[in-house]
Amino acid sequence: MTPQRFLKAGAAAAFLGLAASPANAIERTFPPSDEVFINPERGFYFPVQFRNVPSLGAIPAQGISLIYADIYLPEYRDGPIAQDRLDNIVASFDRTRQAGLKAIVRITYNHAIGDDDAPLSVVETHLEQLAPIFEAHADVIYGFQAGIIGSWGEWHSSSNGLTSEPNRRAVIELLLQHTPPGKFIALRTPPFKWDYTGGTALLPQQAFTGVPIARLAHHNDCFLASSTDVGTYPGDSVELWKSRLGFDTQFVPIGGETCRVSEFGTCGFGIPEMERLHWSYLNIAYNQDVLDDMAPCRLEFERRLGYRFRLVSASLPDQLVTGREATVRLVFANDGFAPIYNPRPVVLRLLRSDDVVMEIPLTTADPRRWLPGEGLTYTVQETFTVPPEIIPGDVDLAIRMPDPSGALEGDARYAIRLANPDLWDAAGGQNVFLRGVPLQAVQPGSTWAVR
């Protein structure tokens, strides 16, 4: 594909002498699809220790776009990270990009209860060393889990007293300071966020602004394990905390893993819980017994973890005319468990064969605000002018939702596929929803404008 803003007409291009009459509107509706397919920043994740990472190319073939990147540093609990280890982390991020994946990053110092973590002074040194690496690879970082404290970085069993409220606060502030602005930092239990914010809830107008309360997200590493998810929620107020969490996760993500078999590890309980709490990602490798128990709803997890955007309808004039305005109206829905949480542009493309004739940014569209829910739809309307230089002829229309980073914007693996049949163009990373729309040159002297 040869992307360009528009194709210029040659000197020999002639006007078609069209009659100056109003255009009728094209009105189309689009059915949903039940197909399971890969999309960025959502779904099952695959755990990877970021040490001598081999090729990760086999992971996307399993329908997975996320990895859990465990930066495991037990040998550096008492001092700085060695340069060769830093180089290894860089190489691991490079392999993540090569595979078309994004990483959920966590720093850990031990993988067993009773083993040591690192003192706060060493944690600060490590984050200062890692900050430039995180910044350089921010495009392939989905977000962070706070990690660092205690066994597996799960904020318990700290050998250095890091589970105290002042030290938890200090770790959060170091992470906010040394991770790329706007990236989420997930905390192990909801009360940890409320302790940090002084009991203040995130307001919708604060969402996605980059202020600390809008960056602090959630992860649950004992999902469906007991009535409290093994202490994730205080036992005397589980419903209160889930209610708070369900509101917060409209604007910040939650994900994690299961940890042990329980009566709650069923489809009948797990699916409504994921809907209520807006789950975006889940460990595909652990706990396998729990995942086996929930095998009957495995496909629903694969379809609905995170967002699942689809096109409901589209309307536009039945012909486009150079030099004139046209208005397109698109209606979207979200059949997933959650919205998307990182910025995501929405672009309308006019195509001819494999060439991009024109791109129109849909500036009113913010998929981060497209919450799931039966009957909820989101209308995007944009008026644009077709440049007079464009060669007349039929065009196809496509919706493209690329990664916002310059390095990944052109990589189709990081573009969003809509949940409609027969729209996805994998090579172009776009959803082609109308074909053969006439694009015509206006007759000289005509005063007619496209509605």
Side-chain angles (χ1 to χ4, degrees), residues 1-8 26 28 30-33 35-43 57 59-61 63-65 97-102 139-140 306-314 316 320 326 328-334 340 342-363 365-367 370 380 382 384 386-387 389-439:
M1 175 174 289
T2 307
Q4 47 197 17
R5 194 64 181 178
F6 52 79
L7 300 178
K8 292 186 177 180
I26 296 173
R28 296 283 170 84
F30 301 88
S33 168
E35 184 179 353
V36 172
F37 52 83
I38 192 170
N39 250 335
E41 301 188 0
R42 57 156 300 278
I59 294 177
I64 294 173
S65 68
R97 181 179 290 101
Q98 290 162 8
L101 299 164
K102 289 207 176 188
D139 55 342
V140 293
Y307 62 88
R308 186 176 175 88
F309 300 140
R310 62 179 166 90
L311 183 62
V312 177
S313 65
L316 68 156
L320 303 175
V328 62
R329 183 175 182 270
L330 303 169
V331 180
F332 297 90
N334 181 359
I340 195 169
N342 289 321
R344 181 66 56 158
V346 184
V347 177
L348 177 68
R349 274 184 165 179
L350 276 58
L351 307 169
R352 187 173 292 137
S353 299
D354 287 333
D355 290 325
V356 179
V357 176
M358 182 181 180
E359 288 191 334
I360 303 103
L362 303 180
T363 56
D366 186 353
W370 295 356
V380 178
E382 195 82 28
F384 60 95
V386 180
E389 301 94 329
I390 289 182
I391 300 171
D394 288 358
V395 293
D396 301 332
L397 270 63
I399 296 162
R400 187 156 190 265
M401 301 175 70
D403 194 275
S405 83
L408 302 180
E409 188 275 338
D411 192 329
R413 298 173 299 177
Y414 291 97
I416 288 178
R417 175 178 175 176
L418 296 175
N420 301 94
D422 305 320
L423 301 191
W424 182 239
D425 168 19
Q430 57 198 355
N431 303 273
V432 184
F433 65 98
L434 285 176
R435 296 185 183 275
V437 177
L439 191 158

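Computed from heavy atoms alone, side chains included, the values below leave out hydrogens, waters and symmetry copies.
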Could you tell me whether the side chain of [Y] reaches within less than 4.5 Å of the side chain of [X], counting heavy atoms only?
{"X": "N342", "Y": "E41", "value": "yes"}
{"X": "L362", "Y": "L330", "value": "yes"}
{"X": "L351", "Y": "V357", "value": "no"}
{"X": "L434", "Y": "L316", "value": "yes"}
{"X": "D396", "Y": "R352", "value": "no"}
{"X": "Y414", "Y": "E409", "value": "no"}
{"X": "P367", "Y": "F309", "value": "yes"}
{"X": "L348", "Y": "F384", "value": "yes"}

Measure the [atom1]-[atom2] distance between [X] and [Y] for me, rounded to the nearest 0.5 Å.
{"X": "R308", "Y": "N39", "atom1": "CZ", "atom2": "CG", "answer": "8.5 Å"}
{"X": "Y307", "Y": "I340", "atom1": "OH", "atom2": "CD1", "answer": "4.5 Å"}
{"X": "M358", "Y": "I390", "atom1": "CE", "atom2": "CD1", "answer": "5.5 Å"}
{"X": "M401", "Y": "Q430", "atom1": "CE", "atom2": "CD", "answer": "13.5 Å"}
{"X": "I360", "Y": "R400", "atom1": "CD1", "atom2": "CZ", "answer": "14.0 Å"}
{"X": "L439", "Y": "I391", "atom1": "CG", "atom2": "CD1", "answer": "10.5 Å"}

* Give the ring-plane orientation class for F332 versus W370, where under 30° counts as parallel, over 60° as perpendicular and anything between as tilted. => parallel

Has [X] got a side-chain atom pairing as donor or acceptor with [Y]'s backbone, closer than 3.5 angstrom?
{"X": "N431", "Y": "L423", "result": "no"}
{"X": "N420", "Y": "P31", "result": "yes"}
{"X": "K102", "Y": "D139", "result": "yes"}
{"X": "E382", "Y": "T363", "result": "yes"}

Heavy-atom closest contact ([X] atom, [Y] atom, distance):
{"X": "D403", "Y": "R344", "answer": "N-NH1, 3.2 Å"}
{"X": "A326", "Y": "L320", "answer": "CB-CD2, 3.8 Å"}
{"X": "G428", "Y": "A412", "answer": "C-CB, 4.3 Å"}
{"X": "P343", "Y": "P404", "answer": "O-CG, 3.3 Å"}
{"X": "P60", "Y": "L101", "answer": "CG-CD2, 3.8 Å"}

* To do: Please lay out, stage by stage, how D394 and R435 fare under the test salt bridge (charged side-chain N to carboxylate O under 4.0 Å, His left out).
  => CA-CA 8 Å; D394 288 358; R435 296 185 183 275; over 6 Å; no

* Asked: Given L311 and V331, is the side-chain contact (heavy atoms from CB on, under 4.5 Å) satisfied, shown in steps?
  -> CA-CA 6 Å; L311 183 62; V331 180; 5.9 Å; no

* Apply side-chain contact (heavy atoms from CB on, under 4.5 Å) to the pair I38 and I64, showing each step before the final yes or no. => CA-CA 6 Å; I38 192 170; I64 294 173; 5.5 Å; no

* Asked: Does the side chain of S353 come under 3.5 Å of the side chain of D355 through a donor N or O and an acceptor N or O?
  -> no

* Asked: Does the pair F433 and L397 meet the rule for a side-chain contact (heavy atoms from CB on, under 4.5 Å), with working shown?
  -> CA-CA 6 Å; F433 65 98; L397 270 63; 3.7 Å; yes

* **Test side-chain hydrogen bond (donor to acceptor under 3.5 Å, both in side chains) applied to R413 - qualifying residues, sequence neighbours left out** => D411

* Check side-chain hydrogen bond (donor to acceptor under 3.5 Å, both in side chains) between R42 and all other residues, then give those that pass, not counting sequence neighbours. => none

